[in-house]
**Q** 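Handing you a structure now.
To find a chain, count down the sequence lines: A is the first, B the second, and so on, and within it residues start at 1.
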Number of protein chains: 2
Amino acid sequence: MVVKSGSKSKSVEAQEPLFVPNANDASSATQDERLYNEILDAILDHRLSPGIKLKEDELADIFSVSRTVVRRALLRLCHDRIVDIQPNRGATIIQPDVSKAREILRARRLIERELVKEAMQFATPSALDNLRVCVEGERDQVRKHHVGSGLRLSGDFHVQLAQLSQNTTLIGYLKELVPQTSLIIAMYQTPHHTLCSHQEHFDLIDVIQSGDVEAAQSMMEQHLDNIEAKLDLGNERTAGDLYAAFAHVK
Amino acid sequence: MVVKSGSKSKSVEAQEPLFVPNANDASSATQDERLYNEILDAILDHRLSPGIKLKEDELADIFSVSRTVVRRALLRLCHDRIVDIQPNRGATIIQPDVSKAREILRARRLIERELVKEAMQFATPSALDNLRVCVEGERDQVRKHHVGSGLRLSGDFHVQLAQLSQNTTLIGYLKELVPQTSLIIAMYQTPHHTLCSHQEHFDLIDVIQSGDVEAAQSMMEQHLDNIEAKLDLGNERTAGDLYAAFAHVK
DNA sequence: GTACTATGCATTGTATACATTTCTTGCGCT
DNA sequence: AGCGCAAGAAATGTATACAATGCATAGTAC
């Protein structure tokens with residue numbers, strides 16, 4: 001049962017996917033994979049914000065599939081802790097509170113510290129050059145003021161670096177943590193600030209190439225610390241908080 | 001469409017759940033939660049082994065639900081990396097190879113080392129007494145030669161300890177790793193050997209109570225090392241490997 | 001006798017119809 | 001005017017029908 005069509009679908013479908021994130025999972029041949037990636041991309045690009053309700057009928061209409069497919073995609077996003085599904089009340093994009101945000105970044109430090117170490121065992125010069133190309137793309141998007149795309153590629157750098165390690169378990173966890181981080185940035189970013197600096201990414205690649213494991217691990221940890229430091233985790237935010245939105249009114 | 005009924009369903013439904021594992025997720029009110037937990041329990045009890053095909057019709061018949069519900073449960077298990085879903089070919093329980101097994105145990109060392117530290121901030125004497133009760137139940141099951149139940153409670157100890165930390169991110173990862181470990185044990189266990197010694201669990205609780213964080217972390221790591229050491233990770237196993245099964249024949 | 005192919009069966013993928021629950025809104029009561 | 005309640009609308013949960021895919025077996029050609 002088609003609710004509304006036309007107007008909304010264009011803006012989503014016209015978007016050209018700059019990068020296909022993770023085609024790792026099973027069922028890549030099925031339709032829900034596409035939906036899953038589309039929604040994930042929209043989150044990484046900050047086209048979808050924390051707290052947004054994802055109605056099954058609307059998504060089914062936009063992507064011209066049945067609710068069955070939509071539900072599969074939403075369930076996967078739920079397991080990634082990117083959307084929250086409440087029984088009989090549907091799916092909404094998560095809104096991490098401050099302590100949750102800190103927890104997620106702490107988990108990233110733990111996991112990426114290990115991943116850097118394991119990745120360095122497989123970091124050939126050509127693999128590192130590929131990484132550099134990835135960061136260059138990120139830098140160019142930011143220069144072109146495509147902030148959303150830049151942010152997505154920034155997350156991509158972390159995943160691609162991780163993938164050198166071939167540790168699919170930890171890579172899987174990181175693939176959940178990166179979109180979560182993107183939502184945290186959306187909620188707690190301070191204005192006019194490039195958050196995940198590409199220069200730090202370049203530096204990180206150089207240190208990895210030097211072969212100093214300890215230094216690389218420290219730099220990764222420092223890099224994630226910097227991301228956290230640039231956020232305003234001092235006071236709570238809520239997407240639907242009208243009081244915060246209209247705080248300037250006396 | 002009901003394929004076969006009666007004979008098989010009894011053995012599963014008669015099983016009294018000794019413990020309800022994780023009611024953490026959303027959609028706990030829906031039916032697929034029950035299926036998910038039943039299958040998970042069966043895996044933790046070693047009533048379901050690596051490589052087993054999970055046919056949708058059969059499960060739907062056994063639990064008297066539609067395939068819709070079964071598919072939801074299977075998808076969740078797939079995301080937990082406990083079953084493997086291939087498009088158009090259905091779901092089978094994973095068969096971790098040796099390197100995957102080592103990877104999973106390495107991930108556990110990393111994550112549980114951190115979880116112990118964070119849990120110790122909340123480890124009140126009464127919380128630790130609850131843990132002791134849990135281990136006692138484990139010990140009693142083993143004494144009664146209910147090896148499967150003992151193993152399940154053993155995994156439960158690790159999860160309950162983790163839950164003191166209140167770090168839901170890492171707890172979530174551990175909840176995936178514990179059933180995976182159970183499958184690894186099923187594949188690579190050496191005969192006549194209690195694998196996850198409850199005595200080590202008691203000792204671990206004592207060290208936690210002492211307040212020495214470093215010692216507790218080391219002991220947890222050592223405990224997981226011991227589990228790995230008791231496994232035969234020397235040579236590959238395959239559930240369907242006839243050559244291995246009939247190795248004694250000249 | 002072997003290899004290739006075609007047909008039928010088994011199983012999964014998708015769409016849709018119906019049941020159930022929740023949310024909204026308007027009415028009536030105090 | 002404010003509160004509570006009830007009926008309708010909207011959204012989700014579940015079951016089932018049909019389509020598409022994969023697998024096995026039997027048949028045929030070489």
**Q** I'd like to know if K100(B) and E103(B) make a salt bridge, using a cut-off of under 4.0 Å between side-chain N and carboxylate O.
**A**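 Here K100(B) pairs with E103(B) in a salt bridge, since their nearest N and O are under 4.0 Å apart.
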**Q** If the cut-off is 4.0 Å, is T68(B) near the phosphate of dT14(D), judged by side-chain N/O to OP1 or OP2?
**A**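 The answer is no; no side-chain N or O of T68(B) sits under 4.0 Å from OP1 or OP2.
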**Q** In plain terms, say whether R81(A) and E176(A) are close enough for a salt bridge, that is, a side-chain N and a carboxylate O under 4.0 Å apart.
**A** no
**Q** Closest approach to the side chain of E56(A), judged atom by atom: which nucleotide of dT12(D), dT14(C), dA15(D) is it?
**A** dT12(D)
**Q** Each nucleotide N or O in nucleotides 7-9 of chain D that has a protein N or O under 3.5 Å away: list the pair and distance.
**A**
none

**Q** Please determine if E138(A) and R152(A) form a salt bridge, counting it only when a charged side-chain N lies under 4.0 Å from a carboxylate O.
**A**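 Looking at E138(A) and R152(A), the cut-off is not met.
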**Q** Starting at the 5' end of DNA chain C, which residue's closest nucleotide do you reach first, R71(B) or R67(A)?
**A**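 Its nearest nucleotide being more 5', the pick is R71(B).
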**Q** Quick check: closest heavy atoms across S165(B) and F122(B), and the distance to 0.1 Å?
**A**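 Distance-wise, the nearest heavy atoms are O-CE1, 3.5 Å.
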**Q** Whole-Å distance between dT14(D) P and R34(B) CZ?
**A**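 Checked: the CZ to P distance equals 12 Å.
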**Q** For D57(B) and dC9(C), what is the distance between atoms CG and C1' respectively, to the nearest whole Å?
**A** 13 Å
**Q** Figure out the CG/P separation between N88(A) and dG13(D), and round it to whole Å.
**A** 5 Å
**Q** Closer than 4.0 angstrom, basic N to acidic O: yes or no for K55(A) and D57(A)?
**A**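 A salt bridge is absent here (no side-chain N lies under 4.0 Å from a carboxylate O).
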**Q** Who passes side-chain hydrogen bond (donor to acceptor under 3.5 Å, both in side chains) against E112(B), sequence neighbours left out?
**A**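 For E112(B), the residues satisfying side-chain hydrogen bond (donor to acceptor under 3.5 Å, both in side chains) (neighbours in sequence not counted) are R108(B), H158(B).
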**Q** Return the value, rounded to whole Å, for the distance between atom CZ of R72(A) and atom C1' of dT12(D).
**A**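 About 18 Å, once rounded to whole Å.
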**Q** Would you say a side-chain N or O of R89(B) is under 4.0 Å from OP1 or OP2 of dC23(D)?
**A**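 Yes, such a contact exists.
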**Q** Can you identify which nucleotide, out of dA11(D), dT14(D), dT11(C), has its nearest atom closest to the Q31(B) side chain?
**A** dT14(D)
**Q** Could you state the CD1-P distance from I85(B) to dG13(C), rounded to the nearest angstrom?
**A**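 Rounding to the nearest Å, CD1 of I85(B) and P of dG13(C) are 8 Å apart.
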**Q** Between dT12(C) atom C1' and K55(B) atom NZ, what is the distance in whole Å?
**A** 12 Å
**Q** Atom CG of L35(B) and atom C1' of dG13(D): how far apart are they, to the nearest Å?
**A**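 Going from L35(B) (CG) to dG13(D) (C1'), I get 15 Å.
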**Q** Send over the distance from E33(B) CD to dT14(D) C1', rounded to a whole Å.
**A** 16 Å
**Q** Would you indicate whether the side-chain heavy atoms of L183(B) and I93(B) approach each other to under 4.5 Å?
**A**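 Yes; the side chains approach each other to less than 4.5 Å.
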